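First comes the structure, then the notes that go with it.
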Number of protein chains: 2
Amino acid sequence: MTTKQEPQSCKKNSESAGKGVSIDFTEVKAHCQHCDLNPVCHPPGLNTDEMDSLDQWFPTRRRLKRGESLYEIGEAFNAIYAVRSGFFKTVLPSPQQRDQVTGFQMTGEILGMDGIGSGFHACQAVALEVSEVCLMPYGNVEELASNLPNLHAHLNKLMSQRIVHDQSAFKILANLRSESRLAAFLLDLGKRFSTLGYSPNTFVLRMTREEIGSYLGLSLETVSRIFSRFQEDGLVDVQTRHLQITNPEALSEIAAGKNSH
Amino acid sequence: MTTKQEPQSCKKNSESAGKGVSIDFTEVKAHCQHCDLNPVCHPPGLNTDEMDSLDQWFPTRRRLKRGESLYEIGEAFNAIYAVRSGFFKTVLPSPQQRDQVTGFQMTGEILGMDGIGSGFHACQAVALEVSEVCLMPYGNVEELASNLPNLHAHLNKLMSQRIVHDQSAFKILANLRSESRLAAFLLDLGKRFSTLGYSPNTFVLRMTREEIGSYLGLSLETVSRIFSRFQEDGLVDVQTRHLQITNPEALSEIAAGKNSH
DNA sequence: CGGCCCGTTGATTCGTCTCAAAGAGTGTGG
DNA sequence: CCACACTCTTTGAGACGAATCAACGGGCCG
């Protein structure tokens, strides 16, 4: 797995944004044609000139520490983000009940599309580890997309895929019991790691049991118990955050809801 | 509530499509500028000429009987649809478990966006009553959108809003107990009816208890029981499919998860 | 009129949450 | 570098909610 680092130009603007909360974020210039990570930056069928024009419009990166918010709920929507490295969760904060984790985003995935409809972000995005995103001002994206039909079509595809993914997450919540939910969750994570070139069966969980539980509609204790049960049954090997899926086939069966007993 | 009917042009093609399943669908010519129902057909800031061009690209309607499928899962994606009248459900068929209802779509709402990403429909759309849709060939939509930036922006907004709506549905499933789920569902339906000019508190449920249960991740018996409980508590008045919300405030409290006991 | 699907209600079982306590891991400051 | 604090995780016992199994009633259509 080679994570390309582009050469020069690491101008750091370490100034806190003066917004009350002191966020010391870091922005660096990005070069999309040297970065093959993020699907949004690579609509199929673009020539070199068109790739150059992407650079012209999506120039900045931002670095976040663990626990920092990329954007808050209700915040004005200005940009969409491509995760260049690291790991995020999206959260629906809730004063009444516990916060609802609505998704996890890893390298190569997109954040912020929730804001397009209303002009305000409908959730909060929090970094679960040191992370870096490419910031793409949405006005620029739209303008650029009207010149590059491929980019436009590509954006629509990404949003559609998101809708399809949400539908299957919906099905998991509505249909499956706790064991199947967790199994499906682990397999989904593994699949996403594998598209990055990592092993689908060995990875580190960047989120807590509580966050997994929130996402799956389970209590953190239930999540912990099921990890233990999977371990006993020889399906996985869990050392707190370090996970190895030792029997993917059996896990798939459970995820499909075929567990008889 | 005035549902505009445009004058002439009701050419019926009642031919079965010859696909094994005998679907006798009906297509009529549509005139978007005379139809103010569907948001996708009315991007803000279009002049009369541009509205005319919409007519040029989205000319056909299709009529469906109760139980008919607008599209099947796995079917090649060709068009998106705007519901002109009637009521639909989207379903994820499942051989192992019961089918999963992933949403209900009523007049003025969009169907088919799930197919944009992969080129194939990711779910099945079934009419729950006699319904009519406007069929918009997606190739045409894209071509048209590249000429009409407003339409393009509008489509993105619709998809984003869908994502936001899905997120809150997700939260309902993950967080709330059965009573709250059903309360939230009824309020959501009412809200959508009210945007059509109908009362938010009196409407007819077009779906079965089983379908509500599938959508909310509950058994049909539980749905039925909660209706009865709501009735006892004076929150609603249910006569099988005919629903009246008699105490919307209390129902909102329950939907918010504040029910103490 | 009979059949069938849909809806209601009851009794019981099972799964998951809640409450509780203790152990492991991580980071910080002395 | 170790001790301490804090957060995260594990495991247990009990309570509660929803699913399941089952039977019956009602409405709609042929």
Side-chain angles (χ1 to χ4, degrees), chain A residues 65-67 87 89 97-101 126 128-130 172-183 185 204-233 236-243 254 257 259-261, chain B residues 65-67 89 97-101 126 128-130 172-183 185-186 204-233 236-243 254 257 259-261:
Chain A
K65 291 189 279 198
R66 181 164 175 244
F87 211 97
K89 65 172 175 181
Q97 307 117 231
R98 69 171 175 177
D99 293 355
Q100 174 64 40
V101 174
V126 181
L128 294 181
E129 61 178 340
V130 173
I172 286 169
L173 273 190
N175 251 315
L176 301 181
R177 299 186 306 105
S178 56
E179 285 190 350
S180 304
R181 291 189 203 181
L182 188 59
F185 173 71
V204 175
L205 299 166
R206 304 250 96 110
M207 70 295 281
T208 66
R209 303 290 191 256
E210 163 70 36
E211 284 159 344
I212 297 173
S214 171
Y215 180 68
L216 296 177
L218 303 170
S219 70
L220 69 96
E221 295 95 331
T222 299
V223 174
S224 177
R225 270 185 252 272
I226 294 169
F227 269 129
S228 303
R229 216 179 304 161
F230 282 173
Q231 174 109 287
E232 280 174 32
D233 297 351
V236 302
D237 185 37
V238 252
Q239 304 298 327
T240 55
R241 302 281 179 106
H242 295 266
L243 184 95
I254 290 179
N259 43 338
S260 45
H261 92 92
Chain B
K65 289 189 281 197
R66 182 166 177 243
K89 66 172 176 181
Q97 307 117 233
R98 68 170 174 178
D99 294 354
Q100 175 63 41
V101 174
V126 182
L128 293 181
E129 60 178 340
V130 173
I172 286 169
L173 274 191
N175 251 315
L176 301 181
R177 299 186 305 104
S178 56
E179 284 190 350
S180 304
R181 291 188 203 181
L182 188 60
F185 173 71
L186 296 177
V204 174
L205 299 165
R206 306 253 94 112
M207 71 293 283
T208 66
R209 304 289 191 258
E210 164 69 37
E211 284 158 345
I212 296 174
S214 171
Y215 179 69
L216 295 178
L218 303 170
S219 70
L220 68 96
E221 294 95 331
T222 299
V223 173
S224 177
R225 270 186 252 271
I226 294 170
F227 270 128
S228 303
R229 216 179 304 162
F230 283 174
Q231 174 110 288
E232 279 174 32
D233 297 351
V236 303
D237 185 37
V238 252
Q239 304 298 327
T240 55
R241 302 281 179 108
H242 294 267
L243 185 93
I254 290 178
N259 44 338
S260 44
H261 91 95

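Letters go in sequence order (proteins before strands), and every chain restarts at 1. As the structure is a computational prediction, the values presented were derived from the model and not from experiment.
One can place CG of B:Leu176 at 16 Å from C1' of C:dT16, the figure rounded to the nearest angstrom. A:Arg66 places its CZ atom 17 Å from the P atom of D:dC6, with the value rounded to the nearest Å. Protein atom CG of B:Asn175 is 15 Å distant from nucleotide atom C1' of C:dT16, rounded to whole Å. For the pair B:Arg181 CZ and D:dG17 C1', the computed distance is 11 Å after rounding to whole Å. Distance CD (A:Glu129) to C1' (C:dT26): 16 Å, rounded to an integer number of Å. The CZ-P distance, from B:Arg177 to D:dA19, rounds to 12 Å in whole Å. Taking atom CG of A:Leu182 as the reference point, atom P of C:dG15 lies 17 Å away to the nearest angstrom. A straight line from CZ of A:Arg206 to P of D:dC8 spans 15 Å, rounded to a whole angstrom.
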Filtered N/O pairs between nucleotides 7-14 of chain C and protein, under 3.5 Å:
residue	atom	partner	partner atom	Å
C:dG7	OP1	B:Arg241	NE	2.9
C:dG7	OP1	B:Arg241	NH2	3.4
C:dG7	OP2	B:Arg209	N	3.0
C:dT8	OP1	B:Arg209	NH2	3.4
C:dT8	OP2	B:Arg209	NE	2.8
C:dT8	OP2	B:Arg209	NH2	3.4
C:dT8	OP2	B:Ser224	OG	2.9
C:dT8	O5'	B:Ser224	OG	3.2
C:dT9	OP2	B:Ser228	OG	2.5
C:dG10	N7	B:Arg225	NH1	2.8
C:dG10	O6	B:Arg225	NH2	3.2

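A side chain to side chain contact (heavy atoms under 4.5 Å, CB included) with A:Val223 is found for one member of A:Glu210, A:Glu211, A:Arg209 and no other, namely A:Arg209.
Within 4.0 Å (heavy atoms only), A:Ser219 reaches at least one base atom of the nucleic acid. At a threshold of 4.0 angstrom between heavy atoms, the contacts of A:Gly213 with the nucleic acid are absent.
A distance of 12.5 Å separates CZ in A:Arg206 from CD1 in A:Ile212, rounded to the nearest 0.5 Å. Atoms CG and CG, from B:Leu216 and B:Leu173 in turn, are 7.0 Å apart once rounded to the nearest 0.5 Å. Rounding to the nearest 0.5 Å places OH of A:Tyr215 at 7.0 Å from CD1 of A:Ile172. Atom OG of residue B:Ser224 and atom CG of residue B:Leu218 lie 12.0 Å apart, to the nearest 0.5 angstrom. Atom-to-atom distance recorded for B:Leu128:CG and B:Arg66:CZ is 8.0 Å, nearest 0.5 angstrom.
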Per-residue pairing states of DNA chain D in dot-bracket (Watson-Crick or G-U under 3.5 Å; . unpaired, | other strand) read |||||||||||||.||||||||||||||||
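Residues that satisfy the side chain to side chain donor-acceptor pair (under 3.5 Å) test with B:Asn175, not counting sequence neighbours, are A:Gln100.
For B:Arg241, the CZ atom counts as densely surrounded, since its 6.0 Å shell holds more than 12 non-hydrogen atoms of other residues, nucleotides or ligands.
Across every non-hydrogen atom of A:Ile254 and A:Ser180, the tightest pair is O-OG, 2.8 Å.
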